[in-house]
Amino acid sequence: MTHPSTTGPAPVLALKDISKSFGAVRALRDVSLELLPGEVHALAGENGAGKSTLIKTLAGVHRPDAGQVLLDGEPVVFHGPGDARDAGIAVIYQEPTLFPDLSIAENIFMGRQPRRALGRIDHKATHAATAALMQRLGVELDPDRPARGLSIADQQIVEIAKALSFDARVLIMDEPTAALTGSEVARLFGVVRTLREQGAAVLFISHRLEEIFAICQRVTTLRDGAWIASEPLAGMSEDDLVRRMVGRDLEELYPKQEVEAGEVALSVRRLTREGVFTDVSFEVRRGEIVGLAGLVGAGRTEVARAVFGVDRWDAGEVEVDGRKLTNGAPSVAMAAGLALVPEDRRAQGLVMDMSIERNIGLSGLRTTVRAGLMDRRAERSRSLDWAVRLQVKYARIADSVATLSGGNQQKVVLAKWLATGPKVLIVDEPTRGIDVGTKAEVHRLLSQLAADGVAVLMISSDLPEILGMADRVLVMHEGRLTAEIPRSDATEETVMAAATGRAAA
Amino acid sequence: MADTSLTRAIRWDTVVGALLIVVLLFSFGFVDGFGNALNLSFLIGNTLPIALIALPMTLLVVSGEIDLSVASTAGLSGAVMGALWNQGMTIETIIPICLLLGVVCGLVNGLLVTRLGLPSLAVTIGTLAAYRGIAQIVLGSDAVTDFPSQYLDFAAGRIGDTFLPKAFLPFLVLLVIAVIALHATPFGRSLFAIGASEEAARFAGIRVKRQKLILFTVTGLMASLTGVFWALHYASARYDNATGLELSVVAAVLLGGIDFDGGKGTLGGAIAGVFLLGALQNVMSLVNVSAQSQIVVTGVLLVVSVLGPRVARQLAVARAGRRAAAAPVSKAPSPTP
């Protein structure tokens with residue numbers, strides 16, 4: 001099938017001068033890309049650079065306005081995702097969509113199970129085929145296990161196995177690591193390397209630069225829908241790549257200011273929620289940024305939820321600015337000056353059906369009120385004010401938040417909470433899934449808030465972020481606080497050692 | 001105020017409002033006996049029970065819940081009214097007792113939903129049967145008809161020679177209160193948030209359970225008020241008063257563009273839906289459509305009303321999409337079967 005070539009292997013799949021517009025917006029302008037067999041190719045760019053459109057073009061969801069898609073050097077036209085799949089192109093999305101009540105094997109062979117006489121499903125053959133796929137990927141997953149309860153990492157493995165069962169030669173992975181823990185990422189990378197060695201071409205999208213450098217050989221960078229460069233990663237630095245993506249030198253990614261810590265603003269004492277976290281005590285002072293590190297599932301988010309009152313605690317107490325909080329009462333926590341920017345901005349941080357204005361307004365239902373009625377003018381000016389201060393990029397303040405990019409959605413969540421003038425701000429994974437440029441803005445903002453005397457508790461799985469931003473690092477392991485590390489002693493090694501329970505720091 | 005969810009709902013509101021006007025104009029022109037003041041007062045009087053319950057029901061559905069026990073609560077309230085009247089109590093004592101009973105009925109629904117976390121659809125189907133059963137135990141198969149004439153006159157009479165029933169003015173007051181509560185207070189705003197995303201509402205510090213409990217209780221109160229009105233309006237308190245009324249209420253509210261999944265709609269639309277349904281039922285009676293067939297029409301309207309706003313919304317989205325597809329497309333994988 002491969003075409004002889006003088007310049008190394010011929011590309012399996014290529015895009016040539018692809019353009020795609022939506023109305024007046026040119027999402028892609030003359031973009032080219034070549035995927036070689038046996039390579040992992042990174043696609044880099046900020047949110048809105050055109051990565052999603054490019055992926056959808058490869059996957060047959062969008063048809064380009066101009067340019068060609070070449071499969072094994074031959075021009076092809078995909079009329080739909082089915083065509084792309086039949087051509088051996090598979091997309092693994094960040095959040096897989098499996099049928100929870102079906103087994104892994106049934107999920108993989110959904111609708112095309114091997115049959116026995118009278119059309120009965122041949123479970124044995126399905127099982128065997130699935131086991132073979134798992135072996136090929138080098139992972140151990142029981143084909144008969146139901147999909148319900150699988151971690152996102154395992155669900156992705158199932159999706160990859162499904163892709164292989166379609167004889168996929170091109171695998172497009174759209175931010176597969178966004179919701180994975182460190183060890184899960186390592187395992188996923190093992191699978192990706194196996195696929196690469198078997199000659200597959202992988203297009204890899206991630207906002208985590210270190211992952212791009214760890215797994216990819218070449219990178220294609222997009223900016224504002226335009227192709228910037230396709231080049232080998234060897235010899236490039238992270239700064240080089242960031243410069244290509246944003247088109248300018250980023251000021252420091254972690255602009256932590258030195259702030260004198262003030263009096264205690266948040267005090268958590270012996271907080272326990274049975275079976276989730278135990279005996280957690282810590283304080284955050286005004287002007288401090290305290291990082292809360294740990295593996296996913298260590299109980300960090302759960303502590304934040306209990307402190308804010310979305311979940312109840314079984315024992316212990318929480319004080320904000322000297323006022324004791326009521327168990328399980330977010331409204332009391334808010335009144336005391338606590339704000340929580342939750343982990344899942346689409347489900348918890350925002351009401352996706354509502355406008356930007358009203359989402360920001362939700363935190364002010366007690367304040368933008370006159371004579372018991374909503375003061376719409378006050379609500380609007382409050383929302384506008386904060387949207388502008390945080391430089392949210394929107395067309396109209398009355399547009400649905402669903403129209404915004406991930407980074408801008410996160411800014412709306414921040415705006416919603418900063419508008420309450422919090423004394424204590426808890427942010428849970430504040431920069432997950434948002435682009436480098438916006439990430440730096442969020443960091444600058446957190447730093448500025450601390451300088452203004454806000455006590456910030458930052459939960460993050462992004463170690464460089466924790467190390468770069470935090471004055472102190474608290475580490476949780478299996479529901480307990482295992483370490484408190486001052487900024488001067490915090491390194492990847494000390495934090496990871498405490499997070500994995502290997503050593504007390 | 002171009003909140004996208006609001007503008008879409010307004011579009012459907014407009015459709016229903018326009019439809020109501022068309023039906024009214026058509027009926028004035030072509031249906032014998034429709035346009036006289038007496039018939040119009042019948043139309044409004046017969047629609048008032050639906051309209052009264054539709055007020056709190058709209059708020060409930062906006063918050064993502066439903067109460068199917070309203071007609072049984074109304075029936076129970078009427079039955080208790082009849083039984084106590086037979087005991088010789090004064091009507092001035094009886095009515096507050098009935099309203100209090102409605103509060104209890106609503107509170108039971110609300111507690112079952114918020115404290116035990118049960119789905120309101122299931123809970124209120126259960127209490128639908130239970131409250132009606134209690135009504136039958138209380139009054140048996142009696143029909144109490146001899147209520148004081150000034151009350152009967154208030155519930156059934158009209159203002160002078162106009163087509164407006166006397167009870168219409170109190171309804172207008174309640175309507176205004178409900179519109180303000182839903183569309184102009186923080187409480188109403190929180191209901192939209194709860195209906196659209198209960199989890200996000202909780203994370204915004206909204207007291208979801210408390211708001212829902214308030215709604216169920218008010219719904220019970222309004223249902224019992226409707227039961228009292230019904231017994232007086234038709235001068236008959238029976239255990240089976242208002243049977244099946246919940247179907248009309250839900251159909252009318254959904255017809256008015258209140259999304260069954262919560263989070264969308266306006267009270268104006270719901271009330272337009274109520275009177276559209278009322279007008280259709282009135283016209284069908286005038287042209288001698290049987291009661292059974294009228295129920296069929298109500299059922300069909302219910303299905304259409306769930307379907308209609310969705311189709312309208314999808315058309316609106318498609319149009320918006322064509323106008324400016326600048327918005328990032330959602331990341332949903334497009335699965336091919």
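Here is the naming used below: chain letters follow the sequence lines, and residue numbers restart at 1 for every chain.
Of all heavy-atom pairs spanning A/Gly372 and B/Pro186, the tightest one is O-CD, 3.5 Å. Across B/Gly205 and A/Pro330, no two heavy atoms sit closer than the pair CA-CB, 3.8 Å.
Heavy-atom distances place no part of A/Arg345 under 4.5 Å from chain B, backbone and side chain included. Heavy atoms closer than 4.5 Å to chain B are found in the backbone of A/Leu350, but not in its side chain. Using a 4.5 Å cut-off between heavy atoms, A/Val351 touches chain B through backbone and side chain atoms alike.
Here the NZ-CE distance, from B/Lys264 to A/Met354, works out to 10.0 Å after rounding to the nearest 0.5 Å. Note that CZ of B/Phe203 is 8.5 Å distant from CD of A/Glu343, once rounded to the nearest 0.5 Å. Atom CG of A/Leu373 sits about 6.5 Å away from atom CD1 of B/Ile180, to the nearest 0.5 Å.
No more than 12 heavy atoms of other residues, nucleotides or ligands lie within 6.0 Å of CZ in B/Phe260, so this atom counts as exposed by the packing criterion.
Side-chain contact between A/Met352 and B/Ser197 is absent, with no heavy atoms from C-beta onward closer than 4.5 Å. Side-chain contact between A/Arg358 and B/Phe192 is absent, with no heavy atoms from C-beta onward closer than 4.5 Å. At a threshold of 4.5 Å between non-hydrogen side-chain atoms, the residues B/His183 and A/Met374 do not count as touching.
Across A/Gln348, A/Lys416, A/Arg366, the residue that shares the most heavy-atom pairs under 4.5 angstrom with chain B is A/Gln348. Chain B forms the most heavy-atom pairs under 4.5 Å with one residue out of A/Ala347, A/Pro342, A/Ser363, and that residue is A/Ala347.
A donor-acceptor contact shorter than 3.5 Å is absent between the side chain of B/Arg207 and the backbone of A/Ser331.
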